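Beneath this line is the structure, given in structure tokens, with notes to follow.
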Amino acid sequence: MKGPVQITLARPDPPRQRWWRRDDDYVDDGDVGVLRIGRNLAAVDTTFSSSDEVTKRWLAEASTVARGRRLRAPLVAGLVALRGHDPSDRARGSTDFSPNDHDNPIRCIALCLGGSRAIVYSPEAYGCRVRKAKYDGDRLNFYSNNMTQLRAFLDDKRITVACFGAREATRKLAKEWGLHVALPEELTHLFALAFGKVAGVETEKKALKKPDKYWMGKAALARAKAKADRDDYDTDEEEEATNLGKTWRPPKVVSGLSLERMARVALGPEMRLARCPPKVAQADWGSYYLGEEEWKYATRDAYLCFEIAACCLQKLGDPIGV
């Protein structure tokens, strides 16, 4: 049995040296590279960004190339949201960090458009939270990053944003980054709809329960049902603060699936991918010392989100603008 395919990241220019980090693993704002999967399976131009300037330029170029001159079909984007150390904890000198703790804020995102362009965006944050508006206590305070272009991009209803764990990711992006994703899609749900029979998985089916209080009117029943359908971590105040009540809420993650498994089924058996190495799986994505390994796998995962979503949507008969 053949092993997993090789994943490489080639950089046209040597990394810039810094006195506090003297190895070749350092990545800086505006660095570019090419991610290659296998020999000829995929080649993705990738950019590392920590500033509005680089992100704005990338969004303008990538959107134009991926969409073309005419809007014939919705544009599809692959999104990966990566958690990191809370900047307020770091400012207080706390060094405890658990990568699997869902309370950790999102500190980095990766986007892929057209299957050929990707960006890994890791803006630096102050060691405090924004506390101006009524419900802005969870909002991160970023250094000179207004994210105007990124906000407009994600808020475009013509753009389908596919993400593994879309419900939690969009909720946290709205609360912590102030970014509203207008049309999120849960990647595992799309995969179960398109390849569920082949992969032996099914979409989650909620059991219908009869209401306990038959005296309730239709409006009261509808409100009670909507409240019961929310996740445990979603409260009424969070719904109002993050605008989640006004947008499509993606389904929950289908259990038993991973990006690597979905890629092999949807993209072909030759797409044999290994899991992320421990260094990446346990990375603090808010760290100052993100390196090539983290950049490479964040790009890979964003590419897989896009390709799997595009393949699923095409199989389900939905037009996509790629």
Side-chain angles (χ1 to χ4, degrees), residues 1-10 33-46 62 65-68 72-82 110-120 159-166 169 184-204 250-251 253-277 280-281 293-322:
M1 184 177 179
K2 296 182 179 180
V5 296
Q6 186 178 10
I7 299 176
T8 60
L9 178 65
V34 179
L35 175 80
R36 298 188 184 278
I37 301 178
R39 291 185 178 180
N40 299 306
L41 292 178
V44 184
D45 294 329
T46 179
V65 172
R67 189 188 295 277
R72 292 185 175 181
L75 182 66
V76 178
L79 171 69
V80 177
L82 302 159
L111 275 173
C112 180
L113 290 178
S116 60
R117 288 172 175 258
I119 186 170
V120 177
I159 300 175
T160 300
V161 180
C163 177
F164 194 117
E185 283 286 356
E186 171 53 47
L187 187 64
T188 59
H189 180 75
L190 286 177
F191 178 83
L193 291 175
F195 297 97
K197 293 183 179 180
V198 177
V201 295
E202 295 182 355
T203 58
E204 181 182 0
V253 175
V254 178
S255 61
L257 292 176
S258 65
L259 280 177
E260 294 79 12
R261 180 185 176 189
M262 290 189 291
R264 190 163 186 178
V265 174
L267 307 182
E270 65 278 2
M271 190 66 77
R272 301 180 307 276
L273 300 171
R275 295 266 187 168
C276 293
V280 177
E293 196 78 357
E294 292 87 347
W295 181 16
K296 177 174 66 176
Y297 277 92
T299 301
R300 186 207 73 161
D301 289 354
Y303 164 79
L304 292 178
C305 285
F306 169 83
E307 285 292 342
I308 295 170
C311 187
C312 291
L313 290 172
Q314 288 175 340
K315 187 174 178 63
L316 294 172
D318 293 337
I320 57 175
V322 296

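Please read these numbers as outputs of a predicted model, since none were measured by experiment. Below, all heavy atoms of this structure are taken into account, side chains as well, without hydrogens, waters or symmetry copies. In this chain, numbering begins with 1 at the start of the sequence shown.
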Nearest heavy atoms of Cys163 and Ala169, plus distance in Å: SG-CB, 3.8 Å

Considering all heavy atoms, the nearest Phe195-Cys311 contact: CZ-SG, 3.8 Å

Partner of Val5 under side chain to side chain contact (heavy atoms under 4.5 Å, CB included), chosen from Arg39, Arg36, Arg272: Arg272

Rounded distance [0.5 Å steps], CG in Leu190 versus CG in Leu316: 7.0 Å

Steps toward side chain to side chain contact (heavy atoms under 4.5 Å, CB included) verdict (Met262, Val254): CA-CA 12 Å; Met262 290 189 291; Val254 178; over 6 Å; no

Sole candidate of Leu267, Leu41, Asp301, Leu304 that passes side chain to side chain contact (heavy atoms under 4.5 Å, CB included) when paired with Leu273: Leu304

Heavy atoms from other residues, nucleotides or ligands near CD of Glu270 exceed 12 (cutoff 6.0 Å): yes

Atom pair CG/OG1 of Leu79 and Thr160 - distance to nearest 0.5 Å: 12.5 Å

Separation between SG of Cys305 and CD of Glu185, rounded to the nearest 0.5 Å: 12.5 Å

Glu293 versus Pro277, closest heavy-atom pair with distance: OE2-CG, 3.7 Å

Check: Glu186 side chain, Ala166 main-chain N or O, donor-acceptor pair, under 3.5 Å: yes

Reported CZ-to-CZ distance for the pair Phe164 and Phe191, which is rounded to 0.5 angstrom: 10.5 Å

Closest heavy-atom pair and its distance - Glu202, Ala192: C-CB, 4.1 Å

CE-CD1 distance between Met271 and Ile308, expressed to the nearest 0.5 angstrom: 8.5 Å

Min side-chain heavy-atom separation Thr299-Leu9 under 4.5 Å: no

Heavy-atom side-chain proximity of Arg117 to Thr46 below 4.5 angstrom: no

Gly115 versus Val44, closest heavy-atom pair with distance: O-CG2, 3.8 Å

Audit row: Leu113, Phe306, side chain to side chain contact (heavy atoms under 4.5 Å, CB included) steps and yes/no: CA-CA 7 Å; Leu113 290 178; Phe306 169 83; 5.8 Å; no

Contacts of type side chain to side chain contact (heavy atoms under 4.5 Å, CB included), residue Ala298, not counting sequence neighbours: Leu82, Ala110, Val120, Trp285

Spacing of CZ belonging to Arg300 relative to SG belonging to Cys112, to within rounding of 0.5 Å: 13.0 Å

